[in-house]
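Here's the structure, in structure tokens; my notes come after.
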Amino acid sequence: MERTIISFDYAIKNILRDKANFDVLSGFLTELLEREVTVQEILESESNVSNIDLKVNRLDLKAKIDNGELAVFEIQFFDRIDFLGKVSFNACKAVVEQVSSGDLYDIKKVYSINIAYFDLGAKREYVFRANLSKFSGAHFSDEYIPFSQSLNPPSNSGNLHPEYYLILSNKFDERMRNKFDEWVYTLKTSSVRSEFTAAGIQAAGEKLDVLKMTPQQRTEYERLRSENMDKKSQFYTAELKGKKEGLAEGKTEIAGKMKQRGVSDKEISEITGLSVEEIEKL
């Protein structure tokens with residue numbers, strides 16, 4: 001049996017900010033990071049605004065987890081050429097915001113969790129991880145590990161540089177390879193199966209159940225979903241139009257060159273698909 005839930009992007013920008021629902025986020029991070037994680041609080045900053053209408057170019061969610069570490073979430077539905085730049089910016093900003101002027105650089109680790117619902121060129125993989133774990137010597141085989149700091153009191157015993165996760169749920173083939181794949185399935189389908197056992201996922205099914213929304217919440221939710229569908233249609237239409245115009249321009253350019261070389265209009269038409277009348281005007 002499957003339970004239909006609120007889409008994760010809507011949940012993370014609204015419902016999961018409530019402390020009563022931190023177990024959902026904690027479970028998600030526990031399975032992703034493969035260690036027990038507890039979300040302690042949701043942080044608000046210049047880059048983390050709860051008002052959906054003000055979220056342009058701002059972080060979707062910033063959470064404080066164990067030992068003061070941070071998890072920053074970014075969900076992107078539509079293709080944007082600067083997506084990875086935004087990912088880097090969000091992680092760096094979460095680092096910079098930790099240090100006040102004149103203070104020591106007591107940096108807590110930042111986990112950058114990014115969920116993209118568009119094609120980034122991956123062939124089969126749907127969960128990517130990137131981190132900087134060591135320095136390697138340029139002249140000798142020396143390595144600086146674990147690349148950590150030791151302040152008094154020590155605040156970080158491991159790698160302090162941001163760790164990046166990129167989740168492409170649309171690439172998921174729905175074959176369960178580990179517990180986090182149950183979360184990827186949920187991200188892709190907005191549903192939770194009764195047999196799922198990943199940390200926090202049944203809590204998500206219970207707390208994010210669409211049927212438990214008030215009529216007012218349901219209306220707002222459906223409005224936002226409709227807006228997202230309209231935007232997706234606009235992006236898709238623009239993409240097809242661009243390809244069509246590009247193809248037409250390419251055919252015209254080829255036809256012009258063929259005509260300059262003395263190829264007959266009829267032959268050009270057969271090769272390019274352009275009409276003889278179109279070719280005569282070149």
Side-chain angles (χ1 to χ4, degrees), residues 1-34 36-42 48-53 55 59-63 65 71-78 111 113-118 126-127 165-233:
M1 185 182 74
E2 286 193 343
R3 184 196 297 259
T4 301
I5 66 169
I6 299 162
S7 62
F8 200 68
D9 68 305
Y10 182 86
I12 212 166
K13 295 166 191 172
N14 295 271
I15 300 168
L16 297 182
R17 294 172 179 274
D18 188 330
K19 191 170 184 178
N21 299 324
F22 283 2
D23 54 341
V24 176
L25 278 178
S26 296
F28 179 93
L29 291 170
T30 291
E31 298 296 356
L32 177 64
L33 304 183
E34 298 181 311
E36 191 70 31
V37 174
T38 301
V39 173
Q40 298 174 343
E41 61 179 305
I42 301 301
N48 184 33
V49 179
S50 59
N51 187 333
I52 295 176
D53 296 328
K55 82 170 197 68
L59 193 60
D60 285 335
L61 186 138
K62 179 179 177 182
I65 59 177
V72 294
F73 287 81
E74 177 69 28
I75 301 177
Q76 186 70 34
F77 271 93
F78 309 112
Y111 296 94
I113 295 95
N114 306 280
I115 304 168
Y117 287 87
F118 57 91
Y126 48 93
V127 179
Y165 289 86
L166 177 60
I167 303 164
L168 308 177
S169 58
N170 286 358
K171 298 291 294 184
F172 181 45
D173 59 8
E174 300 186 20
R175 291 180 58 192
M176 304 301 169
R177 298 171 176 86
N178 55 37
K179 288 293 184 66
F180 186 68
D181 280 354
E182 295 180 1
W183 272 108
V184 181
Y185 177 90
T186 297
L187 293 176
K188 180 180 180 180
T189 66
S190 291
S191 60
V192 175
R193 292 180 181 174
S194 58
E195 67 267 25
F196 283 174
T197 59
I201 203 161
Q202 291 303 327
E206 177 68 24
K207 297 180 177 182
L208 305 182
D209 192 331
V210 170
L211 297 178
K212 292 189 175 181
M213 300 178 80
T214 66
Q216 183 177 355
Q217 290 173 329
R218 185 71 176 268
T219 299
E220 176 66 8
Y221 177 56
E222 293 298 339
R223 181 185 70 80
L224 291 172
R225 286 186 66 192
S226 178
E227 287 180 1
N228 278 339
M229 290 176 66
D230 287 343
K231 289 177 183 177
K232 187 173 183 179
S233 177

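- Across all their heavy atoms, Phe196 and Gln202 have their closest contact at O-NE2, 3.0 Å.
- Atom CD of Glu41 has more than 12 heavy atoms from other residues, nucleotides or ligands within 6.0 Å.
- To the nearest 0.5 Å, the span separating CD1 on Ile75 from NZ on Lys13 amounts to 6.0 Å.
- Counting heavy atoms from C-beta on, the side chains of Leu168 and Leu166 come closer than 4.5 Å.
- For Lys207 (side chain) and Ala20 (main-chain N/O), a donor-acceptor pair under 3.5 Å exists by modelled atom type.
- Inter-residue side-chain proximity for Phe28 and Leu187 is flagged as met; some heavy-atom pair is nearer than 4.5 Å.
- Proximity of a side-chain donor or acceptor of Glu31 to a complementary backbone N or O of Ala199 within less than 3.5 Å is detected.
- Of all the heavy atoms in Phe118 and Gln76, the pair that sits closest is CE2-CG, 3.4 Å.
- You'll find the side chain of Leu25 reaches within 4.5 Å of the side chain of Phe73, heavy atoms only.
- By the 4.5 Å heavy-atom criterion applied to side chains, Val127 and Phe172 are not counted as neighbours.
- Here the straight-line distance linking atom CD1 of Ile12 with atom CD1 of Ile6 works out to 13.0 Å at 0.5 Å rounding.
- For the atom pair Phe8 CZ and Leu16 CG, the distance stands at 6.0 Å (nearest 0.5 Å).
- Within the model, atoms CD1 of Ile15 and CG of Leu208 stand 5.5 Å from one another, a figure rounded to the nearest 0.5 Å.
- Sorted by first and then second residue, the salt bridge (Lys or Arg N to Asp or Glu O under 4.0 Å) pairs with a member in residues 180-190 read Glu174-Lys188; sequence neighbours excluded.
- When all heavy atoms of Tyr117 and Ser169 are compared, the pair lying nearest together is CE2-OG, 3.1 Å.
- The two residues Val39 and Ile42 make their nearest non-hydrogen contact at CG1-CD1, 4.4 Å.
- Taking all atoms of both residues into account, the shortest heavy-atom contact from Ser7 to Ser190 is CA-OG, 3.5 Å.
- Under the 3.5 Å distance criterion, the side-chain polar atoms of Asp209 are left unmatched by any main-chain donor or acceptor of Ile5.
- To the nearest 0.5 Å, atoms OG1 (Thr214) and NZ (Lys212) are separated by 14.0 Å.
- Proximity of a side-chain donor or acceptor of Ser191 to a complementary backbone N or O of Arg3 within less than 3.5 Å is not detected.
- Checked by atom type and distance alone, the side chain of Thr30 never pairs as donor or acceptor with a backbone atom of Glu36 at under 3.5 Å.
- Rounded to the nearest 0.5 Å, atoms CG (Asp9) and CD (Glu74) are 11.0 Å apart.
- At least one side-chain heavy atom of Tyr111 sits less than 4.5 Å from a side-chain heavy atom of Ile65.
- At most 12 non-hydrogen atoms from other residues, nucleotides or ligands lie less than 6.0 angstrom from CZ of Arg175.
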